[in-house]
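Report on the following structure.
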Amino acid sequence: MAQFWKPGTEKPRLLEDEEGGVLFLSAAASTSSGYGYASIEKQRQRLPVHKYRTAILYLVETHATTIIVGETGSGKTTQIPQYLKEAGWAEGGRVIACTQPRRLAVQAVASRVAEEMGVKLGEEVGYTIRFEDLTNPAVTMIKFLTDGVLLREMMDDPLLTKYSVIMVDEAHERSISTDVLLGLLKKIQKRRPELRLIISSATIEAKSMSAFFQTSKRRQSLETREPGLSMEPAILSVEGRGYNVQIYYVEEAVSDYVRAVVSTVLSIHDEEPPGDILVFLTGQDDIDAAVQLISEEARASGKNSSGAKDIALLCSLQQIAWTCPKTVRSSTSLCTNIYIAWLIVLPLYSGLSRSEQDLVFSPTPRGKRKVVISTNIAETSLTLEISDIENLVVAPISKASARQRAGRAGRVRPGKCYRLYTEEYFAKEMSDEGIPEMQRSNLVSCVIQLKALGIDNILGFDWPASPAPEAMIRALEVLYSLGVLDDDAKLTSPVGFQVAEIPLDPMIAKMILSSNQLGCLDEIITIAAILSIQSIWVSARGAQKELDEAKLRFAAAEGDHVTFLNVYKGFLQSGKSSQWCHRNFVNYQAMKKVIDIREQLRRVALRLGLVIKSCEGDMQANVVSCFVDFLDQRNDPQVHFNLLLQNMLLSSVVRKAVTAGFFANASRLEAYSHNGMYKTVRGSQEAYIHPSSVLFRFRPIFAISVVLGRN
DNA sequence: ACTCTTCCA
């Protein structure tokens, strides 16, 4: 029975899938009716991946490893797990797994697939991410999870026996956990030939991926136990949705890219036909600023058409000239909108709560335009491992990721991509591909995970991308000095195994274990929870002075860690009030996360048999006033030192526990240094106290820091 | 040498 959209009712709409699949929603958003289901079926069949259904199932049947080269928009992520299930790979209690590098993608894809299958999320289709397990072991057949979660699962079940097929999605992103996972899966495959792997990857990476899963001929004959099963990886290419994306470059480099983003968004909004806008920026601060600026400008120009703001806006819009190299710029059929209420500006970054992130995926109301300002993939951060301190430098993205981003504009129809750099910059300055994370970052966590899985010969491990030997040795040194590894580079018992069990950076894990012995675990898990989120303070654009003053209310002479404790205590005493947070420049969302993570850590601690004990009695309540006195006399070094010593006694166990984890970062103020330069005790590496620290103006003689400045 | 960065367990 056919149904048609009636004019005057809300139009049915197409939703863009995270991976390019398209979901059909009826106006009533009901998918239980036969009509809704049939439409979903039809939509599924229209995806490019659909005509490869038989081929994919055949390859998976006959090859241990299948590499799917899928352009964005092919629908592989949502469809392949369903094909596998339909073909019987989830029968007999087996589970089909599909990993993603990001939590948000896991949630989005899982709910999409559940919807397509017409089942309740958490039953036949479920997902697992940290803090959230929406699966039912008795009935879940398709399980989406982050690759980090799958790595954790290997600690309990090293051969991942419950899975029949594991699809590693977005493998071309080459995140550390994806790379480690691939290395381990290759090992598992030798023991479990019946396990099928599907690696989904972008074009450029497919060859090296295939080479990695190639087994040598000699071994192959020994290991193939299943007749008709090839250990040679198969490669299948699925084209994406072929919509054109027009690319524009700025004619001249922009100086202030946040401002350039604002102008560009507003001019797109003014000149282009309906369609949503996706913006990539580096980080939370820039995103918040851009969201605010766009909203302000839009409001100002809508409400007050003759105001000075309007003129300012027009000026800024005119500053950007675009060039479009290969296509002719279409200038006709532009409709002119009035901005104001028709623009919905939404930020997107991990620090947001789930409900805030969900807004991004909710359908755009008719007649409105959604602008999503998002992090990551935006301008990838580069981690340089210099001695024991992790340094992050913002580096330009690669051409590959620039192309991938442009592809996002062409999912459901032709799109446009405005690049805020010149064409020349793209051609000459940007590298073709990013460097795998494995080759540029801190390997401490990664090494300990492998050790915990019983991989003793870390240096001989078969990596998809070999890490730098120096970085590896550095990681082993740190773990050895933490007492996690013994002379033979084996995990120590119990400390090593316990540290591996705690889902945190090993230095933080060690801090937690030490606090157990010192009797201040209660305080330390609070500190650990706060250290694992971005920042507990609100972003301070334009209100730096107020923020600094607010910080002083909590600042402890002992430094940031004890300051965190004061904030946490105040938050609890306020009854977890959002108003309290607002008054004190504390980020309410961040504090809610802290409560969550802290609870998780408390459970981990109890499981490890630790005792949650507080050292409340040891601490004095008046650290705040103490700090203020100290500031007033900050020109007298002797007073500094005396006070520091005195304050050390106030919460010596907390400080001891922190030190037990972070001693490798201990630094000493350089004598005669007038700019506050420190050098690490171990490596004599230059360091500075970060200006956001309460100790920034303090300049204590010794500092134990989690993040030191870069040189 | 008065400022910030993403993701994941």
Side-chain angles (χ1 to χ4, degrees), chain A residues 99-106 128-133 145-156 170 173-181 280-289 348-352 374-384 390-395 397 401 434 437-438 440-442 444-446 448-449 452-453 499-506 508-509 528 532-541 544-545 547-548 551 597 600-601 604 670 673-678 686-699 706-711:
Chain A
T99 73
Q100 298 286 321
R102 274 177 291 280
R103 298 160 57 93
L104 195 64
V106 169
T128 308
I129 55 180
R130 185 166 77 154
F131 302 141
E132 238 183 298
D133 183 5
L145 66 177
T146 50
D147 33 28
V149 169
L150 193 59
L151 281 177
R152 284 276 151 188
E153 285 188 2
M154 290 178 68
M155 291 197 181
D156 294 327
E170 313 287 348
E173 282 196 20
R174 309 303 303 271
S175 77
I176 278 205
S177 44
T178 308
D179 272 9
V180 174
L181 186 62
F280 290 99
L281 280 178
T282 45
Q284 187 175 329
D285 259 16
D286 282 346
I287 290 171
D288 288 341
L348 179 63
Y349 46 79
S350 71
L352 294 175
S374 157
T375 51
N376 197 21
I377 321 172
E379 225 155 65
T380 313
S381 304
L382 176 64
T383 313
L384 300 173
E390 202 174 310
N391 283 347
L392 291 153
V393 179
V394 176
I397 57 166
S401 65
E437 195 184 9
M438 180 64 73
R440 59 177 161 81
S441 39
N442 189 333
V444 174
S445 305
C446 162
I448 193 170
Q449 273 196 327
L453 289 168
V499 167
E501 180 112 352
I502 299 174
L504 291 171
D505 181 279
I508 295 183
S532 64
I533 59 155
Q534 317 254 23
S535 166
I536 55 167
W537 306 107
V538 292
S539 162
R541 261 174 203 269
Q544 192 55 55
K545 201 163 154 274
L547 174 63
D548 284 344
K551 270 189 197 173
I597 297 175
Q600 166 91 354
L601 294 179
V604 170
E670 280 292 281
S673 160
H674 51 275
N675 61 359
M677 185 174 80
Y678 285 74
E686 255 186 48
Y688 296 87
I689 293 181
H690 195 277
S692 67
S693 168
V694 296
L695 293 182
F696 178 60
R697 300 161 75 188
F698 234 37
R699 292 186 189 166
V706 181
V707 183
L708 299 174
R710 62 192 184 85
N711 58 348

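The basis for the numbers below is simple: all heavy atoms, side chains too, and nothing from hydrogens, waters or symmetry mates. Within every chain, numbering begins at 1; the chains are lettered A, B, ... in the order of the sequence lines, protein sequences first and strands thereafter.
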Problem set entry | A:Ile448: which of A:Val499, A:Asp505, A:Ile502 passes side chain to side chain contact (heavy atoms under 4.5 Å, CB included) | A:Val499

Problem set entry | A:Leu104 CG - B:dT6 C1' separation (whole Å) | 13 Å

Exercise. Choosing from B:dA1, B:dC2, B:dA9, which nucleotide comes nearest the side chain of A:Phe696?
Worked result: B:dC2

Exercise. Between A:Asp286 (CG) and B:dT3 (C1'), how many Å, whole number?
Worked result: 12 Å

Exercise. B:dA1, B:dA9, B:dT3: which one has an atom nearest the side-chain heavy atoms of A:Ser692?
Worked result: B:dT3

Exercise. How close or far is atom P of B:dA9 from atom CG of A:Leu145, stated in whole angstroms?
Worked result: 9 Å

For this session: Measure from the side-chain heavy atoms of A:Arg102 and tell me the nearest of B:dA1, B:dC7, B:dC2.
Result: B:dC7

For this session: Would you indicate what A:Ser177 reaches in the nucleic acid, counting non-hydrogen atoms under 4.0 angstrom: base, sugar-phosphate, or nothing?
Result: nothing

Exercise. If only side-chain N and O atoms of A:Arg103 are considered, is one of them under 4.0 Å from the OP1 or OP2 phosphate oxygen of B:dA9?
Worked result: yes

For this session: List in chain and number order the residues that pass side chain to side chain contact (heavy atoms under 4.5 Å, CB included) with A:Pro503, two or more places apart in sequence or in another chain; answer none if no residue qualifies.
Result: A:Arg152, A:Val604

Problem set entry | Integer-rounded Å distance: B:dC4 C1' and A:Leu547 CG | 12 Å

Problem set entry | Touch class at under 4.0 angstrom, heavy-atom based, for A:Ile129 against every strand present | sugar-phosphate

For this session: Would you kindly give the CZ-to-C1' distance between A:Arg174 and B:dC8, to the nearest whole Å?
Result: 17 Å

For this session: Compare all side-chain heavy atoms of A:Asp147 with those of A:Ser175 and state whether any distance is below 4.5 angstrom.
Result: yes

For this session: Kindly write out the residues that satisfy side chain to side chain donor-acceptor pair (under 3.5 Å) with A:Thr146, not counting sequence neighbours, or none if the list is empty.
Result: none

Problem set entry | Nearest-angstrom distance from the residue atom CG of A:Leu695 to C1' of B:dT3 | 16 Å

Exercise. If you take all heavy atoms of A:Gln449 and A:Leu151, which pair is closest and at what distance?
Worked result: OE1-CD1, 3.7 Å

For this session: Please state how far atom CG in A:Leu181 lies from atom P in B:dC7, giving the value in whole angstrom units.
Result: 20 Å

For this session: Check the distance between B:dC7's P and A:Asp505's CG and give it to me in whole angstrom.
Result: 17 Å

Exercise. Counting just side-chain N and O atoms, does A:Thr146 come under 4.0 Å of either OP1 or OP2 of B:dA9?
Worked result: yes

